Student: 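Sharing a structure here in structure tokens format.
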Amino acid sequence: MSRALNGKPGVSEELRNRILEFARMKGYSPDLAAVGLRKGKTKIIGVLIPDVSNPFFAQILRGMERVFYPLGYHLLLCSTDENTEKEEENLRTLLSQRVEGILAAPTDSGGNRSIYKKIVDSNVPLVFFDRIVPNLETSYVITDNEGGVAELVRYVYEKGHRSLGVITLRSRSYTGKMRLSGILKCCDELGMLVKEEWILDGHSTQEGAYQAAKKLFQLEDKPTSLIVCNNLMMLGVMKAVKELNVKVPEDISVVSFDDSYWNEIFDPPITCVAQEPEQMGLIAATMMMDLLMHGSRPAKTVLKAHFIERTSVKQIK
């Protein structure tokens, strides 16, 4: 029976089919890792994402599946919940499962650098997506974060705004650092005012952004415009807008890095720069297959975010 279930020779096709049908009726499913180890390959790819509730990462996974599934590869998904200790534990678990490669959006820009370096040094294929650990020689696909936020800053400036607030991502994340750095650099070049009390950490979450936005909206001295640094935090900001009866764009103009369906159904719809998460997933998975099949040198891709104008920014004369 085991010869038929594992596809070994010496069993007729008719008998193999009967045995497989019997196994399916009994609820048998093979241990893919164990079968893979016997054959020398598991065909399992580990994937680390920061937040399973964020549709952005769900779309990335969809892109990855489009590459891996037709090739017979399976994804072993782990969520770090933006926690470096959980990230380290997940990485060790994936390695213990003998995954053939790891795709990761690192929690911090340097928090688990040592274990990621060990993965690279042990020749386990590693591809970063959305975020990276700087100065680590491995493949990655990211968005031009600084270019994207600069486009938003220039847009509100051209609309006549000269003061700007920011709801930032987690300060230790790579994307958080790059987006805030890009905003401040562009504001400095344009002469836009960004007071320290107008820069609030939304912790990359809906609840964090809700609390940050409430604090900002209740200040006596407020900016005329606001950048929200990801799609999930936009939900928290709009909850605060509704609760405090803040009018957008009459009281404050709002723009967002990232797009989601809710940006279109808010009143007013939110101007943003949009990433291409499914494309990012496709590219990351293709990079992984190149590493697995050809041992290719690390590849680096930076995608451009595209601007979407809606009606959440007021023209100031």
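Small disclaimer: the values here were computed from a predicted structure and weren't measured. Each residue takes its place number in the sequence, starting with 1.
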Student: Which heavy atom in Ser171 sits nearest to a heavy atom in Asp201, and how many Å separate them?
Tutor: N-OD2, 3.8 Å
Student: Going by distance alone, is a donor N or O of one side chain under 3.5 Å from an acceptor N or O of the other, for Ser109 and Lys177?
Tutor: yes
Student: Could you tell me whether the side chains of Thr107 and Glu82 share a donor-acceptor contact shorter than 3.5 Å?
Tutor: no
Student: First locate atom CG of Leu226, then atom CG of Asp251, and finally report the distance between them rounded to the nearest 0.5 Å.
Tutor: 12.5 Å
Student: Which heavy-atom pair separates Ala104 from Tyr116 by the least distance, and what is that distance?
Tutor: CB-OH, 3.6 Å
Student: Please determine whether the number of non-hydrogen atoms from other residues, nucleotides or ligands lying under 6.0 Å from atom NZ of Lys117 exceeds 12.
Tutor: no
Student: Charged N to carboxylate O below 4.0 Å: is that the case for Lys300 and Glu137?
Tutor: yes
Student: Ring centres of Phe128 and Tyr174 under 6.0 Å apart?
Tutor: no
Student: Any heavy-atom pair between the side chains of Thr205 and Arg170 that's under 4.5 Å?
Tutor: no
Student: Do Pro125 and Glu100 have side chains that get closer than 4.5 Å, going by heavy atoms?
Tutor: no
Student: How long is the straight-line distance from CG of Asn83 back to CD of Glu87, given to the nearest 0.5 Å?
Tutor: 9.0 Å
Student: In the structure I gave you, are the side-chain heavy atoms of Thr224 and Ile316 within less than 4.5 Å of one another anywhere?
Tutor: yes
Student: With hydrophobic residues grouped by side-chain heavy-atom distances under 4.5 Å, do Val237 and Ile227 end up in a single group?
Tutor: no
Student: Check the hydrophobic clustering (I, L, V, M, F, W, Y; side-chain heavy atoms under 4.5 Å; chains of links allowed) and say if Leu71 and Met287 are grouped together.
Tutor: yes
Student: From Lys118 NZ over to Asn112 CG, what is the distance, rounded to the nearest 0.5 angstrom?
Tutor: 10.5 Å
Student: Compare every heavy atom of Ser163 with every heavy atom of Ser225, then report the nearest pair and how far apart it is.
Tutor: OG-O, 2.7 Å
Student: Which residues pass the side-chain hydrogen bond (donor to acceptor under 3.5 Å, both in side chains) test with Asp81, sequence neighbours left out?
Tutor: Ser79, Lys86
Student: Please determine whether residues Tyr155 and Ile252 belong to a single hydrophobic cluster, defined as Ile, Leu, Val, Met, Phe, Trp and Tyr linked transitively by side-chain heavy-atom distances below 4.5 Å.
Tutor: no
Student: Could you tell me whether Phe129 and Tyr140 have their ring centroids closer than 6.0 angstrom?
Tutor: no
Student: Kindly compute the distance separating SG (Cys187) from CZ (Arg162), expressed to the nearest 0.5 Å.
Tutor: 11.0 Å
Student: Closest approach of Arg66 and Glu278, non-hydrogen atoms and distance?
Tutor: NH1-OE2, 2.8 Å
Student: Given side-chain contact (heavy atoms from CB on, under 4.5 Å), test Val52 with Asn54 step by step and report yes or no.
Tutor: CA-CA 6 Å; Val52 293; Asn54 192 333; over 6 Å; no
Student: Can you tell which of Met64, Lys43, Met288 makes a side chain to side chain contact (heavy atoms under 4.5 Å, CB included) with Tyr73?
Tutor: Lys43
Student: Got a second to check how far Thr175's OG1 is from Gln275's CD, nearest 0.5 Å?
Tutor: 8.5 Å
Student: Decide whether Val248 and Leu219 are clustered together by the hydrophobic rule: side chain heavy atoms of Ile, Leu, Val, Met, Phe, Trp, Tyr closer than 4.5 Å, transitively.
Tutor: yes
Student: Side-chain contact test, heavy atoms from C-beta onward, threshold under 4.5 Å: evaluate it for Met238 versus Ile270 and give yes or no.
Tutor: yes
Student: What is the distance from atom CD1 of Ile167 to atom NZ of Lys215, rounded to the nearest 0.5 Å?
Tutor: 10.0 Å
Student: Answer yes or no: is there an ion pair linking Asp108 with Arg113, defined by an N-O contact shorter than 4.0 Å?
Tutor: no
Student: Between Ile199 and Leu184, does a side-chain contact (heavy atoms from CB on, under 4.5 Å) hold up when you go through it step by step?
Tutor: CA-CA 10 Å; Ile199 303 174; Leu184 296 178; 4.0 Å; yes
Student: Looking at side-chain heavy atoms only, is the closest gap between Cys78 and Leu94 below 4.5 Å?
Tutor: yes
Student: Looking at residues at least two apart in the chain, or sitting in another chain, which of them share a salt bridge (Lys or Arg N to Asp or Glu O under 4.0 Å) with Glu65?
Tutor: none
Student: Leu200 versus Val166: any side-chain heavy-atom pair under 4.5 Å?
Tutor: no
Student: Look only at the side chain of Ser312 and the backbone of Pro268, and say whether a donor-acceptor pair between them is shorter than 3.5 Å.
Tutor: no
Student: Keeping to residues at least two apart or across chains, list the ring-ring contact (aromatic ring centres under 6.0 Å, His included) pairs with something in residues 186-221.
Tutor: none
Student: Using a 3.5 Å distance criterion without hydrogens, assess whether the side chain of Ser173 forms a donor-acceptor pair with backbone atoms of Gly176.
Tutor: yes
Student: Let me know which of Leu95, Ile45, Val47 forms a side chain to side chain contact (heavy atoms under 4.5 Å, CB included) with Ile102.
Tutor: Leu95
Student: Considering non-hydrogen atoms only, spot the tightest contact between Ser256 and Leu152 and give its length.
Tutor: O-CD1, 3.6 Å
Student: Flag the pair Leu164 / Tyr157 as yes when at least one side-chain heavy-atom distance between them is below 4.5 Å, and no otherwise.
Tutor: no
Student: Any link between Val127 and Met293 through a network of hydrophobic side chains (Ile, Leu, Val, Met, Phe, Trp, Tyr) touching at under 4.5 Å?
Tutor: yes
Student: Step by step, would you call Asp144 with Met178 a side-chain contact (heavy atoms from CB on, under 4.5 Å)?
Tutor: CA-CA 9 Å; Asp144 179 7; Met178 290 300 100; over 6 Å; no
Student: Is Lys239 salt-bridged to Glu243, cutoff N-O under 4.0 Å?
Tutor: no
Student: List the steps and the verdict of side-chain contact (heavy atoms from CB on, under 4.5 Å) for Met233 and Leu169.
Tutor: CA-CA 8 Å; Met233 294 197 302; Leu169 296 167; 3.9 Å; yes
Student: Would you name the heavy atoms of Met280 and Ile60 that are closest together and state the gap between them?
Tutor: SD-CD1, 3.8 Å
Student: Within the 4.5 Å heavy-atom criterion, are Val228 and Val255 side-chain neighbours or not?
Tutor: no
Student: Quick one: do the Asn231 and Asp259 side chains pair a donor with an acceptor below 3.5 Å?
Tutor: no
Student: Which is it for Thr143 and Asn145 under the side-chain hydrogen bond (donor to acceptor under 3.5 Å, both in side chains) test, yes or no, and what are the steps along the way?
Tutor: CA-CA 6 Å; Thr143 299; Asn145 291 284; 5.7 Å; no
